[in-house]
Trainee: 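Take a look at the following structure, please.
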Amino acid sequence: MKGMKSWDHRIGVEGPQYRKEQRSGMTMCQPLLRRREALIGMGASFLVLSAAPLQAWAADADTAEAIRQAFGDRVPSSGRVALKLPALAETGNSVPLTVIVDSPMTDRDHVERVCVFANRNPRPLVATMFFGPKSGRAVCSTNMRLSGTQDVMGIAEMSDKSLWTTQLRVMVTVGACDALQSRY
Amino acid sequence: MIMHPMENGFNVDTQGTTIPVHIISDFVCSYDGAEVFRVRLEPGLSANPYFSFYLTATRTGTVDFLWTDQDGTLTKASALLTVT
C-alpha cells in the first residue's frame with residue numbers, strides 16, 4: 001500500500017466493500033435522508049432569500065410618506081413631466097435617467113424643482129433637482145440606483161406651485177441591493 | 001461629475017459589517033455668481049454621480065461647480081464661459 005493516497009485506498013480496497021454495503025437494504029434510507037436534508041436546506045434558503053428583499057424594499061406607504069414630506073398633501077396632476085429610462089436595466093447600480101419638464105423656463109413661468117422617486121428603493125427619494133429661469137431648459141440627466149423592478153416617478157413643482165407627475169416602469173435584472181460586494 | 005463612492009448604507013464589507021452612508025449631499029452650479037442649478041443628492045444615485053443640464057449663456061462669466069460632501073468637505077471646479 002506504499003505510495004497510495006487515502007482516496008486510492010478507498011477505491012482499491014474499501015471500494016467494493018462500500019459498494020456492497022450500498023446494495024444491502026440498509027442503505028435504502030440513505031437517499032431518503034438526503035432528500036429530506038435537501039428539502040430542509042431548500043426551505044431554509046427560501047426563508048433567507050425571501051427575507052432579504054423584504055428588508056431592502058420600501059412599501060407603498062414609505063413612498064407615499066416620502067412624497068408627502070416633499071410636497072405635503074397636494075395632489076399632482078398627470079403630464080408635463082417626462083422620464084427617459086431604459087425599459088430593461090441589466091444592473092440597478094447605474095440606470096441612466098433623464099428628466100424633461102415641459103416649461104417655457106421664463107422668469108414668470110419656470111420649473112422650481114423636480115423630485116424623483118423609486119417606489120421600491122429602500123429610500124424612495126432619489127434626487128431633488130432645483131431649476132431656475134436661468135436653467136434654460138428643464139432637462140437633467142444622471143444615473144440612479146434601482147433595487148429591483150419597480151415604478152420610477154417624477155414630480156415637478158412649477159413656479160406657480162402647480163404639481164405635475166409621470167410614472168414609468170423599469171425592469172431590473174440585478175438590483176442595486178443584491179451582491180454589491182463586487183461592485184468596484 | 002465627481003469621483004465619489006456614494007455609499008448607500010446597504011453594502012457590507014468583506015467582514016460582513018455594514019458600510020455607513022457616505023454621499024455627496026449637494027451640488028450647486030452657479031453662473032456669473034448666481035445660482036443656476038442645484039441638486040439635493042440621496043443614496044439612490046449611482047457612484048461617481050454626474051449631472052448634465054442646461055444654462056442660458058447671457059454674457060462672459062465663470063461657471064462654478066460646488067459639491068458638498070455629507071461631512072462638509074467642499075469640492076470646487078470652475079470654468080470660464082466666453083460669450084461673443
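Chain letters run A, B, ... following the sequence lines, proteins first, then strands; residues in each count from 1.
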Trainee: Find the one option among A:Pro133, A:Cys115, A:Ala138, A:Cys140 whose heavy-atom pairs under 4.5 Å with chain B are most numerous.
Mentor: A:Cys140

Trainee: Can you tell me how far apart CZ (B:Arg40) and CG (A:Leu125) are? Round to the nearest 0.5 Å.
Mentor: 9.5 Å

Trainee: Could you measure the distance from the NZ atom of A:Lys134 to the OG1 atom of B:Thr58? Nearest 0.5 Å is fine.
Mentor: 7.5 Å

Trainee: Whether the side chain of B:Ser46 engages the backbone of A:Met144 through a donor-acceptor N/O pair (distance < 3.5 Å, no angle test) should be reported.
Mentor: yes

Trainee: Let me confirm one number: the OG-OH distance from A:Ser94 to B:Tyr50, rounded to the nearest 0.5 Å.
Mentor: 8.5 Å

Trainee: Distance check, rounded to the nearest 0.5 Å: A:Phe117 atom CZ versus B:Glu42 atom CD?
Mentor: 9.0 Å

Trainee: Mind checking the OG1-CZ spacing from A:Thr142 to B:Phe53? Nearest 0.5 Å is all I need.
Mentor: 11.0 Å

Trainee: Measuring only between side-chain heavy atoms, which start at C-beta, is A:Val126 closer than 4.5 Å to B:Leu45?
Mentor: yes

Trainee: Please determine whether residues A:Ile100 and A:Val116 belong to a single hydrophobic cluster, defined as Ile, Leu, Val, Met, Phe, Trp and Tyr linked transitively by side-chain heavy-atom distances below 4.5 Å.
Mentor: no

Trainee: Check the hydrophobic clustering (I, L, V, M, F, W, Y; side-chain heavy atoms under 4.5 Å; chains of links allowed) and say if A:Val111 and A:Ile155 are grouped together.
Mentor: no

Trainee: Name the member of A:Ala127, A:Ser141, A:Gly136 that forms the most heavy-atom pairs with chain B at distances under 4.5 Å.
Mentor: A:Ser141

Trainee: What distance do B:Phe51 atom CZ and A:Met129 atom CE have between them, rounded to the nearest 0.5 Å?
Mentor: 6.0 Å

Trainee: Set out, in order, the CA-CA distance, both residues' side-chain angles and the distance that settles ring pair (Phe, Tyr, Trp, His ring centres under 6.0 Å) for B:Phe37 and A:Phe130, then state yes or no.
Mentor: CA-CA 6 Å; B:Phe37 178 71; A:Phe130 297 87; 9.0 Å; no

